[in-house]
Amino acid sequence: MMRLETDILISGGGVAGLTAAAAFGTAGFRVICVDPSPPVTSANDAGADLRSTAFLQPSVTVLQEAGLWERLFPHAAALQIMRIIDAGGVVPEPRLIKDFNASDVSEQPFGWNLPNWLLRREMVGRLAELPNVDFRPGTATTRLLTRASEALVTLSDGTNVRARLVIGADGRDSLVRQSLGIPVTTTRYGQKALAFAVTHPLPHQNVSTEIHRSGGPFTLVPLPDRDGLPASAVVWMETGPNVERLAALPIAEFEAEMNLRSCHVLGPLTLASSLTVWPIISQIAARMSGERCALMAEAAHVMPPIGAQGLNMSLADLRELLDLAKAAPAEIGSEKMLETYHRKRHLDVQARVTGIDLLNRASMVGAQGLRDLRAKALEALYSARPVRQTLMRVGLGLRSGGKTTETP
Ligand SMILES: Cc1cc2nc3c(=O)[nH]c(=O)nc-3n(C[C@H](O)[C@H](O)[C@H](O)COP(=O)(O)OP(=O)(O)OC[C@H]3O[C@@H](n4cnc5c(N)ncnc54)[C@H](O)[C@@H]3O)c2cc1C
């Protein structure tokens with residue numbers, strides 16, 4: 001039986017776990033990262049993650065520190081304007097359009113959007129450059145025991161690992177979280193999301209558009225051009241049965257429904273990828289840490305994909321862990337470090353999960369009266385400039401006042 005020793009064992013090599021492995025590896029720590037599913041690094045391969053991630057400004061500094069940003073930036077589409085459209089009237093057409101322009105709060109765009117399969121390709125490439133990172137795709141964490149001085153992890157190939165810190169980045173059913181006995185609170189909405197890519201005749205002009213009618217938002221996020229045509233990533237949230245029905249339609253019928261729902265804001269959309277279906281829940285762990293272990297990303301918090309919060313919150317988790325580890329490398333995994341991590345992150349996580357839950361419920365409403373109320377609330381929030389700017393800063397996760405001017 002093989003025995004290994006490391007500073008940090010990262011359980012989970014999704015986008016969050018891979019970023020953490022690159023960041024801690026770049027900072028000089030010895031890292032082992034395991035995941036039972038080898039990453040799919042091409043859009044056309046079976047199991048490819050066809051979602052995209054909009055990295056908001058604060059996430060970019062983490063990616064820079066991980067040596068990832070220079071690899072990712074050439075493939076990214078900037079997001080300058082977040083457009084909210086209420087199409088909740090009797091006929092499915094825009095009746096209220098509100099633009100949140102990044103220039104109101106920053107000299108930088110809100111963020112940059114990239115396909116998830118491409119993130120995995122570049123992240124795996126980065127890990128291969130780091131001799132102190134041992135990435136083991138095809139291997140799961142199967143058992144976790146902790147004591148005050150270290151964590152003992154058993155892997156699916158029988159290897160035993162002694163680590164000073166275990167990072168649970170192993171998703172919403174996290175084995176690390178369950179082994180620590182940390183409970184979760186879960187909210188189910190009866191909703192699912194369809195994620196896919198489209199091309200369209202009208203340029204997106206770096207505008208990300210969220211269209212609200214009922215069932216959940218229909219969101220178009222800019223991608224770089226595809227075969228000379230403007231392209232966007234789409235997340236379409238609807239009731240579960242409706243998503244199953246849409247996903248089973250022949251392409252022409254699906255495109256007709258998609259175009260009705262998009263209100264033709266970018267002209268007729270053409271499907272440019274296969275469809276993937278994602279269940280939608282909110283979930284929050286009672287704690288962000290346990291003995292010798294930190295939870296991050298979906299192991300700690302899950303929410304509906306609204307406002308590009310999910311992975312950006314995960315990178316805020318990583319930011320905190322990285323700062324604490326760099327400030328006191330000899331202390332990684334100590335009770336003091338992990339208690340500080342929990343305290344610094346949990347309130348923010350609770351506030352954002354609650355906020356996104358409310359936005360999702362507002363977007364889901366079907367009754368005409370409630371949809372009218374939603375449009376009035378949007379109008380009111382938008383009209384007061386200070387409120388609008390505060391909302392934008394909070395959504396971005398910016399820490400202090402004033403405009404940001406740094407170039408990524
Ligand atoms: C439709 C959709 C669109 C989204 N769009 C955005 C967006 O624009 N911006 C944004 O910030 N967020 C977005 N999100 C959220 C974002 O995608 C998630 O926050 C992110 O993918 C979660 O990453 P993760 O690494 O925690 O989880 P996962 O991707 O689920 O990774 C967990 C990994 O752990 C592995 N694992 C499981 N069990 C074990 C084990 N026992 N041992 C080791 N490994 C294990 C799994 O194989 C998996 O690879 C979106 C989400 C959805 C559903």
Side-chain angles (χ1 to χ4, degrees), residues 52-54 56-57 77-106 109-113 189 191 193 195 198 200 202-223 232-238 258-267 269 280 303-310 312 352 354-366 368 370-398:
S52 70
T53 297
L56 302 176
Q57 284 180 20
L79 309 179
Q80 182 62 32
I81 291 178
M82 297 226 182
R83 178 167 294 159
I84 312 271
I85 296 182
D86 189 283
V90 178
V91 273
E93 60 188 26
R95 59 172 176 172
L96 191 67
I97 302 177
K98 297 292 176 196
D99 280 1
F100 293 80
N101 195 324
S103 64
D104 261 9
V105 290
S106 168
F110 281 117
W112 291 263
N113 196 42
Y189 304 97
Q191 253 178 331
V198 292
H200 35 84
L202 300 178
H204 49 60
Q205 292 175 315
N206 300 106
V207 179
S208 172
T209 307
E210 227 170 73
I211 306 163
H212 300 269
R213 185 164 166 75
S214 64
F218 182 102
T219 307
L220 289 146
V221 192
L223 286 173
S232 294
V234 177
V235 175
W236 182 359
M237 283 161 64
E238 257 299 345
M258 157 173 83
N259 280 308
L260 196 65
R261 187 62 182 80
S262 75
C263 302
H264 300 276
V265 290
L266 294 174
L269 306 176
I280 300 299
M303 73 203 69
I306 297 178
Q309 293 293 306
N312 286 283
R352 284 176 195 276
T354 306
I356 296 297
D357 171 77
L358 288 173
L359 289 176
N360 189 36
R361 288 179 194 279
S363 185
M364 284 170 76
V365 293
Q368 192 57 56
L370 292 175
R371 296 197 312 211
D372 295 345
L373 209 61
R374 179 183 68 204
K376 281 196 183 127
L378 173 60
E379 180 74 64
L381 285 175
Y382 186 84
S383 307
R385 194 160 193 261
V387 177
R388 183 166 87 232
Q389 285 180 321
T390 303
L391 283 176
M392 286 158 79
R393 298 190 67 81
V394 170
L396 270 174
L398 294 175

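Atom set for the values below is all heavy atoms of this structure, side chains included, hydrogens, waters and symmetry mates excluded. None of the values given here were measured: they were computed from a predicted structure.
A distance of 11.5 Å separates CD of Gln80 from CD of Gln205, quoted to the nearest 0.5 Å. Atom CD in Glu210 sits 8.0 Å away from atom CG in Leu359 (nearest 0.5 Å). Here CD1 of Ile84 is found 11.5 Å from CD1 of Ile97. Values are rounded to the nearest 0.5 Å. Here the straight-line distance linking atom CG of Asp86 with atom NZ of Lys98 works out to 11.0 Å at 0.5 Å rounding. From Gln57, atom CD reaches atom CG of Asn312 across 10.5 Å, with rounding to the nearest 0.5 Å.
We find that Asp357 and Arg361 are joined by a salt bridge, their nearest charged nitrogen and carboxylate oxygen being less than 4.0 Å apart.
In this structure, Val235 and Ser52 have side chains that are not in contact, with every pair of non-hydrogen atoms separated by 4.5 Å or more. A heavy-atom distance below 4.5 Å is not found between the side chains of Pro94 and Ile211. You'll find the side chain of His200 stays beyond 4.5 Å of the side chain of Val265, heavy atoms only. In this structure the side chain of Val198 reaches within 4.5 angstrom of the side chain of Leu220, judged on heavy atoms. Under the 4.5 Å side-chain criterion, counting only non-hydrogen atoms from C-beta, Ser363 is not in contact with Met237. Between Arg371 and His212, the closest side-chain pair of non-hydrogen atoms is not below 4.5 Å. For the pair Pro217/Ile306, a side-chain contact is recorded, criterion being any heavy-atom separation below 4.5 Å from C-beta on.
Evaluation of the side-chain contact (heavy atoms from CB on, under 4.5 Å) rule for Met364 yields Tyr189, Gln191, Asn360 as partners, not counting sequence neighbours. Scored by the side-chain contact (heavy atoms from CB on, under 4.5 Å) test, Ala78 finds Pro109, Trp112, Asn206 as partners (sequence neighbours excluded).
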Requested in this report: Apply side-chain contact (heavy atoms from CB on, under 4.5 Å) to the pair Ile85 and Cys263, showing each step before the final yes or no.
Outcome: CA-CA 10 Å; Ile85 296 182; Cys263 302; 5.7 Å; no

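Counting all heavy atoms, side chain and backbone alike, Phe218 lies closest to Ser262 at CE2-CB, 3.7 Å. Asn113 approaches Pro222 most closely through the heavy-atom pair ND2-O, 3.0 Å. Contact between Arg374 and Val365 at its shortest, heavy atoms only, is NH1-CG2, 3.7 Å. Looking at every heavy atom in both residues, Arg213 comes nearest to Val90 through NH2-O, 3.3 Å. Between Leu202 and Gly267, the closest heavy-atom pair is CD1-N, 3.6 Å. Summarising the geometry of Arg95 relative to Ala375, their closest heavy-atom pair is NH2-CB, 3.9 Å, with the distance given to 0.1 Å.
A donor-acceptor pair under 3.5 Å is formed between the side chain of His204 and the backbone N or O of Leu223. Gln368 places a side-chain N or O within 3.5 Å of a backbone atom of Gly88 that can act as its donor or acceptor partner. At distances below 3.5 Å, not a single donor-acceptor pair connects side-chain atoms of Asp99 with backbone N or O atoms of Asn101. Arg352 contributes no side-chain N or O that, together with a main-chain N or O of Gly310, makes up a donor-acceptor pair within less than 3.5 Å.
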